[in-house]
Number of protein chains: 2
Amino acid sequence: MKTQERQLVYARQAEIIKAVAHPLRIAVMDFLRNGEQCVCDIAKYVDSEQSNVSRHLSLMVAAGVLESRKQGLKVLYKIKTPCILKCFHCITDVIRTQAQENQQLLDAI
Amino acid sequence: MKTQERQLVYARQAEIIKAVAHPLRIAVMDFLRNGEQCVCDIAKYVDSEQSNVSRHLSLMVAAGVLESRKQGLKVLYKIKTPCILKCFHCITDVIRTQAQENQQLLDAI
DNA sequence: CAACTATATGACTATTTACTCATATAGTAA
DNA sequence: TTACTATATGAGTAAATAGTCATATAGTTG
């Protein structure tokens with residue numbers, strides 16, 4: 001792969017990663033793990049203002065991470081490409097590994 | 001898991017994800033995939049100013065994604081928890097899936 | 001020692017992000 | 001029709017982020 005091509009890939013990867021690089025948006029991903037939900041229920045789960053949640057959701061749709069459909073008054077959001085969920089397993093692995101290192105350090109004192 | 005515990009996890013996950021949610025930092029991770037490198041070589045690879053690269057590297061160390069050691073004049077950086085690299089496979093999967101959908105759309109026109 | 005190299009950081013600016021409040025819009029129901 | 005519900009969005013603010021340039025610091029080499 002050439003330098004320019006690589007940079008294109010890095011940019012697109014960053015777009016997607018940025019779309020989930022926020023506690024509230026991670027909470028959304030976690031909540032949508034089991035299927036689509038409306039904004040009001042998402043807002044309850046993440047415990048934030050409806051307008052704020054709506055903006056975060058729009059951002060995630062723009063990045064291609066979520067998709068939405070209208071059903072009556074409600075708008076239902078769901079994860080567009082569920083393989084992204086594996087990413088969170090990896091991150092959890094990182095946290096677990098680091099926690100274990102910390103534990104070893106603690107034990108050593 | 002309780003609400004409060006969940007939010008702690010989301011916050012820590014976000015810290016780590018944010019640390020790689022930037023094209024330059026993704027380039028760094030890609031470059032360090034095969035082992036530790038000094039700042040000057042990283043800067044060449046990512047094609048950015050030394051001072052800027054240094055700041056990005058510090059940020060990644062602070063988030064626990066990289067670690068560094070000094071060797072003579074140079075400071076060598078490496079990936080602290082290589083399991084984070086799997087995350088990029090997942091993201092690439094997402095991009096590939098989305099590209100295939102686009103292709104199907106194109107073909108249908 | 002002086003000159004040099006590699007890295008980090010202070011100070012600054014520009015941009016982006018997150019959030020809030022108020023309001024607009026679209027659909028529902030009486 | 002009016003009242004209501006769910007969502008999106010304009011306008012504004014505060015804070016965080018990314019970048020630059022100049023300079024400080026630490027180690028190396030002659």
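Just so we're on the same page: letters track the sequence lines, and every chain starts at 1.
Atom CD in A:Q37 sits about 14 Å away from atom P in D:dA6, given to the nearest Å. Look at CE on B:M60: it is 15 Å from C1' on D:dT17, rounded to the nearest Å. What separates CZ of B:R69 from P of D:dG27 is a distance of 15 Å, to the nearest Å. Atom CD1 in B:I42 sits about 14 Å away from atom P in C:dA6, given to the nearest Å. The separation between B:K74 atom NZ and D:dT28 atom P is 12 Å, rounded to whole Å. Here D:dT17 presents its P atom at 17 Å from CG of B:L57, a figure rounded to the nearest Å. One can place CG of A:D47 at 18 Å from P of C:dA18, the figure rounded to the nearest angstrom.
Using a 4.0 Å cut-off, some side-chain N or O of B:K18 falls inside it from OP1 or OP2 of D:dT17. Not one side-chain nitrogen or oxygen of B:H22 sits closer than 4.0 Å to the OP1 or OP2 atom of C:dT17. Side-chain N/O atoms of B:Y77 include one lying less than 4.0 angstrom from OP1 or OP2 on C:dA8. A sub-4.0 Å separation between OP1 or OP2 of C:dC19 and a side-chain N or O of A:H56 is present.
Checking B:E49 against A:N52, the closest nucleotide of DNA chain D that is more toward the 5' end is the one next to A:N52. Place A:G72 and A:L24 on DNA chain C by their nearest nucleotides, and A:L24 ends up nearer the 5' end. For A:S68 and A:L73, each mapped to the nucleotide of DNA chain D holding its nearest heavy atom, the one lying further toward the 5' end belongs to A:L73. Annotation: of the two residues near DNA chain C, B:L76 and A:L59, the 5′-most nearest-nucleotide partner is B:L76.
The backbone N or O of A:L76 sits nowhere less than 3.5 Å from a side-chain atom of A:Q71 that would complete a donor-acceptor pair. A distance-only check finds a donor-acceptor pair linking the side chain of B:S58 to the backbone of B:S54 [under 3.5 Å]. Counting only distance, with no hydrogens or angles, the side chain of A:R25 and the backbone of B:A14 share no donor-acceptor pair below 3.5 Å.
B:R6 and A:D30 are not joined by a salt bridge, as no carboxylate oxygen comes within less than 4.0 angstrom of a charged side-chain nitrogen.
Between the side chain of B:Q50 and the base of C:dA8, a donor-acceptor pair under 3.5 Å is found. For a distance-only test at 3.5 Å, the side chain of B:R55 fails to qualify as a donor-acceptor partner of the base of C:dT7.
The side chain of A:V75 approaches D:dT7 more closely than any other nucleotide in the set C:dA18, C:dA8, D:dT7. Nearest nucleotide to the side chain of B:K70, out of D:dT20, D:dA26, C:dC21: D:dA26.
Considering NE2 of A:H89 and CZ of A:R96, their distance stands at 9.5 Å, rounded to 0.5 Å.
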